[in-house]
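Every number for a ligand or one of its atoms is a count from 1 in the order of the listing.
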Amino acid sequence: MIGRLNHVAIAVPDIAVASAIYRDTLGATLSDTQAQPDHGVTTVFIELPNTKIELLEPLGDDSPLIGFLQKNSSGGIHHVCYEVEDIIKARDHLVATGARVLGDGNPKIGAHGKPVLFLHPKDFCGTLVELEQC
Ligand code: CO
């Protein structure tokens, strides 16, 4: 069911510092910094030849990243995003197998303007999984 790895997301306390590390130290090409108020994050995307890295900084007092960064103060891998062809079909299959979809269970529009869902880390080897319809 899952397809390509769309991106690996790294939560960071300061996206300007993280962007400089990727741009200046690692020599990567970065997108513009974008606020995603629906998701409580600010993002920068880094295009690599075979996938992307998503840098995430908390946005707002109820950002879902706040607890994560309290436990991982210098940042850390936050989620992986896999592509699916049909997100509703994928969700219905996962729910039927007992997997938990976060939030109200319906896709939201993600950082690339496409529908996304998040799956409970306890159901997926301790890793928060994002599905994106591509
Ligand atoms: Co993501």
_the Co ion (ligand 1) to nearest N/O/S of His79 less than 2.8 Å_ = yes
*Residues forming a side chain to side chain contact (heavy atoms under 4.5 Å, CB included) with Asp14, sequence neighbours excluded*: Ala16, Val17, Glu57
*Identity of the N, O or S atom of Glu54 lying closest to the Co ion (ligand 1)*: OE1
*Please find out if the Co ion (ligand 1) and some N, O or S atom of Glu132 are separated by less than 2.8 Å.*
no
*How wide is the angle at the Co ion (ligand 1) between OE1 of Glu130 and NE2 of His7, to the nearest 10°?*
90°
*Evaluate the side-chain hydrogen bond (donor to acceptor under 3.5 Å, both in side chains) criterion for residues Glu54 and His79: first the C-alpha distance (whole Å), next the side-chain angles of each, then the deciding distance (0.1 Å), finally the verdict.*
CA-CA 9 Å; Glu54 175 181 43; His79 65 266; 3.1 Å; yes
*Is any side-chain heavy atom of Ser31 closer than 4.5 Å to a side-chain heavy atom of Val44?*
yes
*Can you tell which of His7, Arg4, His112 makes a side chain to side chain donor-acceptor pair (under 3.5 Å) with Glu132?*
His112
